[in-house]
Structure formats: structure tokens, C-alpha cells
Amino acid sequence: MITDSVTRAKKHESHTEGVRRPGRWLALAVLVLAVLLVAVDATVLGLATPFLSEDLKPSGTQLLWIGDVYSFVIAGLLVSMGSLGDRIGRKKLLLTGAVAFGAVSVLTAYATSPEMMIVARALLGVAGATLMPSTLALIRNLFHDPRERSLAIGIWGAMASAGAAVGPVVGGFLLEHFWWGSVFLINLPVMAVLVLVGAKLIPESKNPNPGPWDLPSVGLSLVGMIGVVYAVKELASEGLAVGVAVAALVGIGCLAGFVRRQLTLPAPLLDMRLFRHRGFSAAVLADLLTILGLSGLVFFLSQFFQLVQGRHPLEAGLAELPAAIGAVTAGLVAGNVARRYSVRSVVAGGLAAIGLALAALTALGQSTGYPLLGASLLVVGVGAGFAFTVTADVILSTVPKDQAGAASAVSETAYELGAALGIALLGSVVTGVYRGFTTPAGVPADTAAAAHDSLGGAVEASAGLAPAQAEALVSAAQQAFVDGLRIASGAGAAVLLVTAVAAWFLLKGQKLADGVEH
């Protein structure tokens, strides 16, 4: 009997060692570098825009497309690429995407016209869409021990959350020392490491019975997501117009068609029945709203630091670092905390923390000191690190291993959509309040129109005015921006606090896996 017990223990030990692949942590380091780079690429362009505008001279519309087309394409292709990875092999898709990302980064850095830049950014989005779901799905297959996997997802989630805050720091440093194209060339060495190390250390994985890749579903998903994200962004900047309504209707119609088609296909791109699982649906919703709060706050505080408080790009980027530090720290311990207490307490607590930090910013003023801002960013980072990491773990834990790519893509789509909605919805509040400010007497009509367009426009337009008049215009514009930011923070706080309560009930009884998978 004792001999049998020892034999069983040895077998279990040898199985546990077998599933703990050698080199898995080094492979993870390479995977999260790719995630960080894709996340940084989404925000790094913001600081480079003035330099790029001076060089390429794009029109206002072209400039918007240069900024937005990357996230549009990523959001539109994530589900399709996650499903493609399940079919052809996630490692193969990741390495192919990494080579493409590096090559297109060179094209982007040396773009010679606005049209070339828009095409390059769109192609960069296609390559980025192959990287994000592949990394999370490969983690599911690299780490079979759920405790190790929770830590690995924590590191992955921390990098994804931190990317939005790291982008301005990286961009600020590069732009103070090099030309604008350097913000894209930093991708090359990272992608080279990913391909060389990944080819050796990352194991291949895919769905053994995938079925065909349904192209009509790919088209519906792409057009649907781009239509919805475009409509949300345009609603924020232009208000309700015919074009915005058409884009929204087309997007919603295509997404509805996508869902209907998935329910009839024997091998769908995305198994919509996953959403019947209460934990899965709640985790996706929490994912989306966590990133909505984080990205909206980071985006608008970037402008606040530079255009209201007069900080340089690098200084503004460094001022936002507490969000990254909080996200990384919380992400690393989130799995253990969720096991010790509960999934719902960690997710609901994380969402509530973001909500309370946004509520604190309703006291914001033009001369608010850094302690309040830094503390708010730190709390938002901690909340995002806890909520985003645990929800990603829940999403992966509730699906079969062969559907890891498609499930990862749902998590990533929630991330991208949350980022777009955060900037667009909070942006519509900020813009609505901002455009209502009273122009000081004597300011010419064309200057006033430019000033009401954006805070950056007000600062630029004031350069042609007399010093006293310029100061009055900029001061009025700054005050209006801060008023808008306060109201947007209050609205964001309300949404996140309500979601925290919903998560508490929807995630009741949800647990993270604990034993080694066989």
C-alpha cells in the first residue's frame, strides 16, 4: 500500500514537472514584450503628432485617420486572428505577425506622405491583431499549473495595462532626442528577440479539430467592429451626424449578422455559447469597463499635464507612471489574492478603486498639486491590475484549451473597445463642456473658432494675439477643459461603481482553477 502511494506520488510529481515546461518563464518574458509594444504603439503616436504634422502636412481628416486607423483595424480583426491562430497554430501566427510588425514599423517610420502613413498604420494594426490573442492563448498552453498561470497572466495583464502609461514616457524620451520616426523603429529589436527566442522556446498549439476559417464571418466581424468604434469616436469629436449614424447602424447590423452566423456554423470563429456562462460574460464586461476607466483617465491627464500645467512631453509621461507601477504590482499578486479571498471581491474591489479615483478627480483644478493626481493614477493602476488580470484568468479558465485563441481574442477585443470607448465617451463629455466657453472680447472669429475646436487649437491660435488677449483666451480655454474633465470623471466614476456592484453579484461563486491540469 505504501509502495503504491509512493509510486502514485512520483507519477504525479513527474507529471507536474512534465507540464512545467523548461524555459517557460523566458518564453513568457518574450511574449509580454510583444504585448507591451503593441500597447505602447497605441499611445506613443499622440506625442509625435505635432512633429509628424509639421513634416508630412496632413489635413485634419488625414491626421485623425493616422491616429485612429491602428486601433480600428486591431479591434476589427482580433476575433478573426484569434480564431485563425486556433486553426493554423498560435506560434506560427505569432512569429509571422512579429516579422510583419517589424517590417511595417520601418515603412511607418519612413512614410513620406499622409496617405502612406495611413496605409502603414492600418497594416501595423493587422500585424498587431495577430500578436495580442496569440500571446494570451500561448500562456494558456505554456502554464498548466493554474497558480503559475495566474502569475503569468498577471505579468501579461500588467504589461497590457502599463502600455498605455509607458507610451508617453517612451515617446517623450525619443522625441526629445530623435526624429518622430524613432517611435516606430524601437519595435525592431524587440520583434527580432521575439522571433529568435520564440522559435526555440515557445511550443506550438492549436485546435485539433478546428473546421474551416469562415471568411464571411471575418468580414462581418471586421466591418462591424470598425463601424461601431468609428461611430463612437466620431460622436465624441463631431457630435451626432448622418455619417456617424450610418456607421453605427452598419456596425451594429454586421455584428448582429456575425452573432447569428456563429450560432449556425458547425465550427464558428467564436463560440457565442461561451457567453451563456455567467462568469465569462461578467469577466468580459468588467474587462471592457476597467480599460475604459484607465485609458480615458490617462488620455485626458496627458493633455492636462501638458496643455494646462505646462509640462514637457517626457515630464508629462513620467507624471503618469504611477498608473503603470500600480498595474504591474497588483497584476503580480492578483491571482493569489483572488484565491485567498474571492474572484468577485478582487474584481469588484478593483472596479470600485478605479471609480473612487475618478470621483476624487471631480475636485480637480488648474493648479491642483501632483500628490492628488499621482495618488489617483496609482489607485487606478492598482484597480486595473487586479480587475484586468483576474478577469483574463477567468476568461481563459472557463473555456476548453483548444478554444484559447478565440477566448483570448474576446478579452483583447474588450480591451481595445474599452480603450476606444473610454476616450470617446469621456471625450464627448469633455468636448461638450469645453466648446461652451465664452471667448474673451475682441478675439477674431476665425481665432475663436480654432480655439473652440480643441485646447491644443486654443494654445496655437493664441500665438497671433496680443499678449494680454492671448493669456485671457488660453486661460478661459484651460478652465473649460478642466470643467469638462471634472464632469467626465464624475460620469466615469458612476459607471465604474455601478459595474463594481454588478460584478459582485455576477461573479458570485466564481473560482480560479487550483490543481495541475492533466
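Remark: side-chain polar atoms of S221 are not paired, donor with acceptor, to backbone N or O of V218 under 3.5 angstrom. Using modelled atom types, no side-chain atom of T389 and backbone atom of F386 make a donor-acceptor pair closer than 3.5 Å.
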Evaluation steps, side-chain contact (heavy atoms from CB on, under 4.5 Å), between V99 and M191: CA-CA 7 Å; V99 171; M191 290 303 163; over 6 Å; no
Does V73 form a side-chain contact (heavy atoms from CB on, under 4.5 Å) with L124? I'd like the steps, not just the answer. CA-CA 9 Å; V73 174; L124 209 55; over 6 Å; no
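Using a 4.5 Å cut-off on side-chain heavy atoms (C-beta onward), L194 and L94 make contact. Two residues are said to be in side-chain contact when any heavy atoms from C-beta on lie closer than 4.5 Å; F505 and R278 fail this criterion. With a 4.5 Å cut-off on side-chain heavy atoms, F481 and Q366 do not count as touching.
Remark: V259 engages L263, M272 in a side-chain contact (heavy atoms from CB on, under 4.5 Å) (not counting sequence neighbours). Applying the side-chain contact (heavy atoms from CB on, under 4.5 Å) criterion to A360, with sequence neighbours excluded, gives L372, S376. Contacts of F178 classified as ring pair (Phe, Tyr, Trp, His ring centres under 6.0 Å), with partners at least two apart in sequence or in another chain: none.
Among all heavy-atom pairs drawn from T368 and Q309, the shortest one is O-NE2, 2.9 Å. For M81 against L93, the heavy-atom pair with the smallest separation is O-CD2, 3.2 Å. Nearest heavy-atom pair, Q262 versus S217, reported as atom, atom and distance to 0.1 Å: NE2-OG, 2.8 Å.
Using bins of under 30°, 30° to 60° and over 60° for the plane-to-plane angle, the ring pair F280/F275 lands in the perpendicular bin.
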